[in-house]
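Below: the structure, in structure tokens.
Position 1 is the first residue of the sequence; numbering continues from there. Since the structure is predicted, the reported quantities are computational estimates derived from the model, not experimental observations. Basis for what follows: all heavy atoms, side chains included, without hydrogens, waters or symmetry-related copies.
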Amino acid sequence: MPRKERKPVVVVSAPLSAFPDFSAFGDGTSKSKKKYTPREFSGKKGIDLDFDDTVREIHTLGSTQFIGKQKKDYAKEQYKKLTGREKLKQKVPVKIVRGIKKAAAKREARIMKEMKDAGIVTAVKNSSEKKSYSEKNRRDSRIHGPSPSSGFMSKGMLRVKK
């Protein structure tokens, strides 16, 4: 049985740029019109700057000097831009959170007392403005009723041990 004749090997080189210039592949019959850029219409010569990009660059450059809360907020903002979702917060035990809030309340009271002693006029603090509940939790409890204190949910059913 005679051997099949082998096909010749063809070496193909990759284009120099990631996006090849497809205009070179045209048949040459179509006449292309000259495309004008907005800079040619405005009559400006030199560097063309985009204001939004410039503001972003300046903000990013300035962010290198952020410290503390400002730095954390910037990192959160960058994460949100990149992923489209909020970064999960680190879980802290309830006792530690209570201690932190207690210390913050003491600090706030001390600052207010110092301001009063110094004769600085401040806005009246309205305590009724503070909400002790979450709108989401309140809405859920209104729709689904109060959450049970015993048992657990499994496949949409409340399982209660006797």
Compare every heavy atom of F66 with every heavy atom of H59, then report the nearest pair and how far apart it is. CE1-CZ, 4.2 Å
Does any non-hydrogen side-chain atom of D117 lie less than 4.5 Å from one of K113? yes
Rounded to the nearest 0.5 Å, what's the gap from NZ on K71 to CD on Q65? Could you check? 10.0 Å
Decide yes or no for T64 and Y74: does some side-chain heavy atom of the first lie under 4.5 Å from some side-chain heavy atom of the second? no
Determine, step by step, whether I111 and M115 satisfy the side chain to side chain contact (heavy atoms under 4.5 Å, CB included) criterion, reporting the C-alpha distance in whole Å, the side-chain angles of both residues, the deciding distance to 0.1 Å, and the verdict. CA-CA 6 Å; I111 290 169; M115 288 170 63; 3.8 Å; yes
Would you say E77 has more than 12 foreign heavy atoms packed within less than 6.0 Å of its CD? yes
Does I120 CD1 have over 12 foreign heavy atoms under 6.0 Å away? yes
Which residue, T54, D53, V55, forms the side-chain contact (heavy atoms from CB on, under 4.5 Å) with F51? V55
Return the OG1 to CD distance between T83 and Q78, rounded to the nearest 0.5 Å. 11.0 Å
Rounded at 0.5 Å granularity, tell me how far NZ in K80 sits from NZ in K87. 14.0 Å
Atom NZ in K69, atom NZ in K76: separation rounded to 0.5 Å? 6.0 Å
K106 NZ to R110 CZ distance, which is reported to the nearest 0.5 Å: 10.5 Å
